[in-house]
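For reference, the structure discussed in these notes is given below.
Here the structure is a predicted model, which means the values were calculated and not measured. Along the sequence shown, residues carry numbers from 1.
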Amino acid sequence: MSSEVLHHESRQFQPAPAWVARSNVNGARRQLLVQQAQQHPLEFWAEQARAVLHWHTPFTTVLDDQNPPFFRWFIEGQLNASYQCLDIPIAQGHGDKTALIFEADDGQVSTLTYRTLHERVCRFANALKSLGITSGDRVILYLPMSFEGIIAMQACARIGAIHSVVFGGFSAKSLHERIIDTGARLVITADGQYRGGKQLPLKSVVDDALAMGPHQVEKVIVYARTGHDISWNEERDRWMAALEAAHPPHCEPVWVDAEHPLFILYTSGSTGKPKGIQHATAGYLLWSILTMKWVFDHHAEDIYWCTADIGWITGHTYVNYGPLAVGATQVIFEGIPTYPHAGRFWSMIERHRVNVFYTAPTAIRALIKASNLDPAQHPAHFDLSSLRLLGSVGEPINPEAWIWYYESVGQQRCPIVDTFWQTETGGHVIAPLPGALPLVPGSCTLPLPGIDAAVVDETGRELPAGHGGLLVIRKPWPSMLRTLWGDDERFQKTYFPAELQGYYLAGDGAVRDADSGYFTITGRIDDVLNVSGHRLGTMEVESALVAHPQVAEAAVVGKPDDLTGEAIVAFVVLKCPRPMGDAAQELANTLRQWVAQQIGPIAKPRDIRFGDNLPKTRSGKIMRRLLRTLARGEPLTQDTSTLENPAILEQLRETL
């Protein structure tokens, strides 16, 4: 997979001297860290781990690499993530400092100090223990953005329970799959949530999931968010507030091994079944802290805001664990960027005096469009003078959106950290250090100290600059995933294929610039779609479509989309004759809703096309590259001589 990349971005933005002067990592400091990590990697990681983590029991061995790719870090060390995030800031004198500023969908604002947050976490941790939850038990969280979501995650960590957060937009079927796969004993949810002025159910989705078949869930804890009527199982269901109130505000942390699983987070895979990414406590927490200090240049006085939901890895690392572990004051947000108006983000930055703002290219593109439609909501109409750093996460940000973000939001004075990372990496792996590197629109710049990233061909051979290939990381690092929950074989096959010399395979293509060495991500190399920063397996969407009684076969591909990054296009073969006109449109709408029910609204196909069959080789393989060409409206230049049914291509060109 090597291809010459013709596009070259020549614009560069140097860090301002004042920025460099107060940055945590300037150019010289970055170079020193890189050299230390390259020349003496174990000493480098040991030094970082001793400097930033509180060890109840010190580690004796930095890295056990005897059984690759099952690497183990900081052997015999013991610690606790909740203690690091709450007790340490309080011990440092920050008990009365605001930890969380919560702005609800309707604009109401509430706050928690570190001391109050600590008390609530301890009460809830004691409540979990009273229900029989102990170290190693799995707990599913299906919650809105709220204090309660963070409290539940921290309480699990405090007692050594393993949390698995499921995004509050996923369907009952998706939730049920994760409940079964983890073997969870407990589900924590809410009666409902607010999003864009709408009240959406959560508890009823949990009820539906638990009704789908055998499981090990014993209790369901419910946070009263909306106050609407919900069904109630007296034996099983408990109110969160009552449980909290019944227990004392002190809970000794359970000291766990460095390799103890902190959480499982599911991400889509190309084979249909979601993958349970398993992260270890110490390595993950170490990288959360280091990247907060290095990439976000965290200072004690910062007001920090990451707009991500806790249902995704960004909400784990850069809403829950990272900010609290460095004693930050952060904004958390329940709503959407365009409600009640498209200036919501800018209004919040103005009111809360946000200094560091981290959001997705999808949101940026939506707000560019919205400010064009309604100039009154353009960032220029708000006081954004508090901002000093901007960030981008979830997918590559196109240069045009980068420039708008830099000029309209950052007013040409705020560096943009365009961060590349994944659920699997635990935190940023390629990203600018804003006081150390010039910025290039559309490029995530260089790997962080300790990350040995490269662009290689299918044999693991490094490719010359300017040639696109597979993005790999050649050496282990502490925050990498440890395995897939219950599936070591799939973990090894997916991420450390033998043909790549045992390198970690990111699943993305990349190219390096010949002059700067900067990395640019060119997109997914497998059949995983990236829609609004959310990874969705094509097989999952296809499986959902084929589950509909009228569908015989389906193939799903992505096409570039200015708003969501990638849009889903489905090619569908029906069990009945192909509909035309209004009937086709009506059925397409029905199938979109069906997919939303099966997986979640994010998975709804943008474009559904009906055909008598799909383009297949004589051996029966669907020619997806042809479908991608059709979806993008590009001319067919590929060789179609191997097709069993070339005439079908014209039929599948038709859009509804």
Side-chain angles (χ1 to χ4, degrees), residues 11-26 97-103 107 109 111 292-293 295-308 318-319 323 326-333 335-361 363-372 374-393 397 400-419 432-439 441:
R11 290 170 289 187
Q12 275 200 2
F13 297 81
Q14 298 290 337
W19 229 101
V20 175
R22 77 182 295 267
S23 64
N24 291 331
V25 183
N26 59 23
K97 181 179 181 178
T98 300
L100 304 174
I101 303 167
F102 173 60
E103 180 155 325
V109 177
T111 62
M292 283 295 301
K293 292 181 176 181
V295 180
F296 292 129
D297 192 56
H298 176 71
H299 288 67
E301 66 274 15
D302 282 345
I303 306 295
Y304 164 89
W305 181 21
C306 169
T307 65
Y318 299 115
V319 174
V326 298
T329 295
Q330 67 167 320
V331 176
I332 57 174
F333 173 52
I336 59 174
T338 53
Y339 177 83
H341 54 76
R344 179 69 181 269
F345 275 6
W346 323 132
S347 170
M348 287 181 64
I349 291 169
E350 178 180 83
R351 285 184 284 107
H352 299 300
R353 307 306 294 157
V354 171
N355 308 118
V356 178
F357 178 65
Y358 192 39
T359 196
I364 296 164
R365 288 191 291 262
L367 294 171
I368 292 171
K369 181 178 178 181
S371 65
N372 288 337
D374 183 2
Q377 306 307 334
H378 190 278
H381 296 286
F382 299 85
D383 178 7
L384 306 183
S385 60
S386 62
L387 287 172
R388 69 177 190 88
L389 180 66
L390 302 173
S392 171
V393 60
I397 180 170
E400 291 70 26
W402 193 102
I403 292 293
W404 184 89
Y405 196 26
Y406 181 76
E407 293 179 345
S408 298
V409 181
Q411 299 166 353
Q412 301 185 34
R413 55 182 173 73
C414 299
I416 296 175
V417 287
D418 175 5
T419 59
L433 298 186
L437 294 172
L439 305 173

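- Distance alone, capped at 3.5 Å, places no donor-acceptor pair between the His352 side chain and the Glu103 backbone.
- Met292 and Tyr318 make their closest contact through SD-CD2, 3.8 Å (heavy atoms, listed as atom of the first residue, atom of the second, distance).
- Here Ile336 pairs with Arg195, Thr338, Tyr339 under the side-chain contact (heavy atoms from CB on, under 4.5 Å) rule; sequence neighbours left out.
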May I have the step-by-step check of side chain to side chain contact (heavy atoms under 4.5 Å, CB included) for Lys293 and Val25, ending in yes or no? CA-CA 8 Å; Lys293 292 181 176 181; Val25 183; over 6 Å; no

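- Contact of the Val409 side chain with the Trp346 side chain is registered, since non-hydrogen atoms from C-beta on lie closer than 4.5 Å.
- For the pairing with Phe102, the side-chain contact (heavy atoms from CB on, under 4.5 Å) check across Val109, Thr111, Val331, Ile332 returns one residue only, Ile332.
- From Leu437, atom CG reaches atom CG of Asn26 across 10.5 Å, with rounding to the nearest 0.5 Å.
- Atoms CD1 and CG, from Ile303 and Asn355 in turn, are 6.0 Å apart once rounded to the nearest 0.5 Å.
- The distance from atom OG of Ser347 to atom CG of Asp383, rounded to the nearest 0.5 Å, is 11.0 Å.
- In this structure, Val295 and Pro434 approach most closely via the heavy-atom pair O-CD, 3.3 Å.
- The minimum heavy-atom distance between Ala363 and Phe345, with the atom names listed, is CB-CE2, 4.2 Å.
- Between the side chain of His378 and the backbone N or O of Ala380 there is at least one donor-acceptor pair closer than 3.5 Å.
- By the 4.0 Å N-to-carboxylate-O rule, Glu407 lies too far from Arg11 to be salt-bridged with it.
- To the nearest 0.5 Å, atom CZ of residue Phe296 and atom OH of residue Tyr304 are 4.0 Å apart.
- Closest approach of Ile403 to Phe13, counting heavy atoms only: CD1-CZ, 3.6 Å.
- Minimum heavy-atom separation, Ser23 to Val20: OG-O, 2.9 Å.
- By the 4.5 Å heavy-atom criterion applied to side chains, Pro441 and Glu400 are not counted as neighbours.
- In this structure, OG1 in Thr329 is found 9.0 Å from CG in Asp302, a value given to the nearest 0.5 Å.
- No donor-acceptor pair closer than 3.5 Å links the side chain of Arg388 to the backbone N or O of Trp19.
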Determine, step by step, whether Tyr405 and Ile416 satisfy the side chain to side chain contact (heavy atoms under 4.5 Å, CB included) criterion, reporting the C-alpha distance in whole Å, the side-chain angles of both residues, the deciding distance to 0.1 Å, and the verdict. CA-CA 8 Å; Tyr405 196 26; Ile416 296 175; 3.7 Å; yes

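- With a 4.5 Å cut-off on side-chain heavy atoms, Gln14 and Pro438 count as touching.
- None of Thr419, Thr307, Leu390 except one satisfies the side-chain contact (heavy atoms from CB on, under 4.5 Å) rule with Tyr358; the exception is Thr419.
- Within the model, atoms CZ of Phe357 and CE of Met348 stand 8.5 Å from one another, a figure rounded to the nearest 0.5 Å.
- Between Gln330 and Val356, the closest side-chain pair of non-hydrogen atoms is not below 4.5 Å.
- Nearest approach of Ile397 to Ile364, heavy atoms of both residues: CD1-CD1, 3.9 Å.
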Candidate pair Ile101 and Trp305, rule side chain to side chain contact (heavy atoms under 4.5 Å, CB included), full reasoning: CA-CA 9 Å; Ile101 303 167; Trp305 181 21; over 6 Å; no

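- Within the 4.5 Å cutoff, the side chain of Leu387 has heavy atoms near those of the Val354 side chain.
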Determine whether Ser386 and Glu350 satisfy the following criterion, side chain to side chain contact (heavy atoms under 4.5 Å, CB included), listing intermediate values before the conclusion. CA-CA 7 Å; Ser386 62; Glu350 178 180 83; over 6 Å; no

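- Between Tyr406 and Trp402, the ring planes are parallel. Angles under 30° get that label, and only those over 60° would be called perpendicular.
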